[in-house]
Amino acid sequence: MIKGLTFFLKFSWKNKKSYVVLNILNQMVQGIMPLIIIAMPKFIIDELLNQQRIEMLACYIVLLLIATFIKNWVGSHIELQIFNKRCYLSCAFSEFIHNKLLNTNYSNLETPDFHEIKEKANKFLYGDWHGFSFILENAFSIAGKMITLIGIVAIIFTMNIWLVCAFAVLMVISTVIDYKLKQKAHGLSLEAVNIERRWNYFTRILEDSSYSKEIRMNQIGDWLINEEKEYAHKAIGFYEKRNKYFSKSALFNTLFVILQSLMTYCYLIKDVIDGNISLGSFSMYVSAITAFSASVKDIITSIVDIKVYGVYYEALEKYINIKDTMRENARLTLPQMEDFLIEFKNVSFKYPGQNTFALKAINATIQKGKKISIVGENGSGKTTFIKLLCRLYDPTEGEILLNGINIKDIDYDEYMKVFAAVFQDYKLFSFSVKENIIWKDNSADSREKTAELLNDIGLGERINSLPKGMDTSVYKEFDSSGFEPSGGESQKIAITRAIAKDAQIIILDEPLSALDPRAENEMFVQFDNIVKQKTAIYISHRLSSCRLCDEILVFKQGEICEHGTHEELLARNREYQKLYSLQAKYYIGD
């Protein structure tokens, strides 16, 4: 509990100090003003029943009105300012979380355990849908209520010490019962995390227009809605069970308040009848006991909430402390790249949680300026090889060297600059065409470079015909005048983006699989002319790029079964020749 609050407090102070200051000020207002509001009616009533001095009545009334004004309007104004600062903090934390997502090992993003930890962490951060910093504000609230409670207890002590002791016993019993019930309730919230993730997944794909063609053509809309409903009902089932515990908690709290009120009124009515206290004191004590009940209830609720959310903080702490091992020991700068050699030495790789190797004893070299084609049937290990080359994963066994240096020892971000890749599942963004290629750089040089690259890839005329040229938005998500690129146009934009990065090695990992073989071959020829002296790696289960390449690596069942030039491999009459013969009719004579 303390660690969670400390984390929130440090984060808030670092990113928005005014949020902490305003919360402290607000709790002073909410803690002190109620005491004045409770006490003033006693003095007014006693003055009316005794000396009736106008100047004293006016003084008491002015104090009461000032306290009411400060508590209500000033308090409300401060809370609105706190809301504004909380929004900034929420943005800061989103940035923190997104940086964590961007920098965590890529392998984490492919494991459900990582995403489950993230969702549980969010339950602490956002108070199980109560809102960001719910826990920290509860802690501030305890401080404010304690100020009020201390003042109220001082008032009640003047009435009867044994009554205060009785109230304290009731408070302890209520706290214990409330904690146990809410602990069970939040335990159910943790159990619901996996169900909620599935529910949110179905909701997301139903709302994502990129799935709409698949949904319509496969006529699975009703099935998806039913699945969404099923997981929604399962999640709601957890909420219903959880809310039963909350309901029981509220019932016990209410019963304790009623018992406390009954004890108070019986005692005070007797004191008034016996002449031990005045009507003004009666009014003050009744208000004090009512405020005492409310303060104790709020404090108990806040303490219990903070305590039970400690379980969620464990997930948050675990999420925050997930190590980015790719950057742990990488301290060397990128070696000189005028000439380079990348070597795979006895590299084997097994995906996390898998028992079989996706790659086995791979030995291969990639030299500067060479064009390499990687071929093989689906599942043969082609893309896994590229993931290791780009260091999205590290080898399970063996090592990958760049100019004799293990790539694990090279600064990760510097190493990533070596590569530009277009994967089969590439994505375009709902930005302008230019921003999809060179992002935020809007200088004249970058615009000229973008236009030149679009012309080279054969897309210049099409982009120039758009309403805003290269400033036209891709897709219509935010702009009704945006354009929906065809499959071929999308691929060309993605390839242009890779070329614009001006990296040493450019990789095409089956991004053209949607094209027919002849169109794919034409695209490879065009791409080869553009990249010129750069190192290029083509991955495809089709072989249209092979005749353009200096070397071909043939993968089969996670191993390189042969390598060489196109002519050499055909002459061997082995795996490559079989694959080529099956497809040759599509591009012989091109």
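No donor-acceptor distance shorter than 3.5 angstrom exists from the side chain of Ser348 to the backbone of Glu397, with no hydrogens or angles considered. Proximity of a side-chain donor or acceptor of Thr68 to a complementary backbone N or O of Leu64 within less than 3.5 Å is detected. A side-chain donor-acceptor contact under 3.5 Å links Thr111 to the backbone of Asn108.
Taking CG of Asn23 as the reference point, atom CG of Leu9 lies at 10.0 Å (rounded to 0.5 Å). The distance from atom OG of Ser490 to atom OH of Tyr426, rounded to the nearest 0.5 Å, is 4.5 Å. Taken to the nearest 0.5 Å, the CE atom of Met326 stands 5.0 Å off from the CG atom of Asn105. Distance check: Ser76 OG to Gln81 CD gives 10.0 Å after rounding to the nearest 0.5 Å. Interatomic distance, Ile78 CD1 to Leu25 CG, rounded to the nearest 0.5 Å: 4.0 Å. Lys229 NZ to Ile225 CD1: the interatomic distance, rounded to the nearest 0.5 Å, is 8.5 Å.
Nearest heavy-atom pair across Thr356 and Lys350 is O-CG, 3.3 Å. Taking each heavy atom of His115 and Leu109 in turn, the nearest pair found is NE2-O, 3.0 Å. Listed here is the closest heavy atom pair of Ile70 and Val29: O-CG1, 3.6 Å. Of all non-hydrogen atoms in Ile195 and Ala235, the two that sit nearest each other are CG2-N, 3.6 Å. Of all heavy-atom pairs spanning Leu428 and Ala494, the tightest one is CD2-N, 4.2 Å. Across Leu35 and Ile147, no two heavy atoms sit closer than the pair CD1-O, 4.1 Å.
Stacking of Lys184 on the aromatic ring of Tyr245 is not recorded, the 6.0 Å distance cut-off and the 45° axial limit not both being met. Cation-pi check for Lys382 over Phe385 is not met; the charged atom does not lie both under 6.0 angstrom from the ring centroid and within 45 degrees of its normal.
By the neighbour-count criterion of 12 heavy atoms within 6.0 Å, atom CG of Asp222 is sparsely surrounded, having that number or fewer from other residues, nucleotides or ligands. Shown here is Met28, whose CE atom has no more than 12 heavy atoms of other residues, nucleotides or ligands within 6.0 Å.
The pair Asp479-Lys476 fails the salt-bridge criterion, with no side-chain N (NZ, NE, NH1 or NH2) lying under 4.0 Å from an Asp/Glu carboxylate O. Under a 4.0 Å N-O distance rule, the pair Glu230/Lys234 qualifies as a salt bridge.
The closest side-chain heavy-atom distance from Tyr60 to Pro41 is not below 4.5 Å. Residues Ile24 and Phe140 are in side-chain contact: their nearest non-hydrogen atoms beyond the backbone lie under 4.5 Å apart. Here the side chains of Lys118 and Leu101 are in contact, with some heavy-atom distance below 4.5 Å. Side-chain contact between Arg198 and Glu227 is absent, with no heavy-atom pair separated by less than 4.5 Å. Phe83 is listed as a side-chain neighbour of Arg86, based on a closest heavy-atom distance under 4.5 Å. Two residues are said to be in side-chain contact when any heavy atoms from C-beta on lie closer than 4.5 Å; Phe43 and Leu63 fail this criterion.
Contacts of Phe429 classified as ring-ring contact (aromatic ring centres under 6.0 Å, His included), with partners at least two apart in sequence or in another chain: Phe431, Trp439. Applying the side chain to side chain donor-acceptor pair (under 3.5 Å) rule to Ser430 yields the partners Glu477; only residues at least two apart in sequence or on another chain are considered.
Between Phe11 and Phe8, a ring centre-to-centre spacing not shorter than 6.0 Å is recorded. Between Tyr19 and Tyr88, the distance from one ring center to the other does not fall under 6.0 angstrom.
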request  = Begin from the C-alpha positions of Glu240 and Ile236 and carry the test side chain to side chain contact (heavy atoms under 4.5 Å, CB included) through to its verdict.
outcome  = CA-CA 6 Å; Glu240 288 174 342; Ile236 292 168; 3.9 Å; yes
ask   = Does the side chain to side chain contact (heavy atoms under 4.5 Å, CB included) test come out yes or no for Ile320 and Lys100, once each step is laid out?
value = CA-CA 8 Å; Ile320 291 171; Lys100 185 70 180 177; 5.6 Å; no
task = Before giving the answer on side chain to side chain contact (heavy atoms under 4.5 Å, CB included), spell out for Ile36 and Lys71 the whole-Å C-alpha distance, their side-chain angles and the decisive distance to 0.1 Å.
result = CA-CA 10 Å; Ile36 299 173; Lys71 181 181 183 299; over 6 Å; no
task = Kindly determine whether Asn15 and Phe96 satisfy side chain to side chain contact (heavy atoms under 4.5 Å, CB included), including the steps that lead there.
result = CA-CA 11 Å; Asn15 290 280; Phe96 173 77; over 6 Å; no
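Of the listed residues (Tyr201, Phe238, Trp199, Phe202), just one forms a ring pair (Phe, Tyr, Trp, His ring centres under 6.0 Å) with Tyr231, and that residue is Phe202.
Between the side chains of Tyr351 and Thr384, a donor-acceptor pair is found at a separation under 3.5 Å.
The aromatic rings of Phe93 and Phe7 lie perpendicular to each other, with more than 60° between the two planes, well past the 30° mark.
Applying the side-chain hydrogen bond (donor to acceptor under 3.5 Å, both in side chains) test to every pair with at least one member in residues 25-38, sequence neighbours left out, gives no pairs at all.
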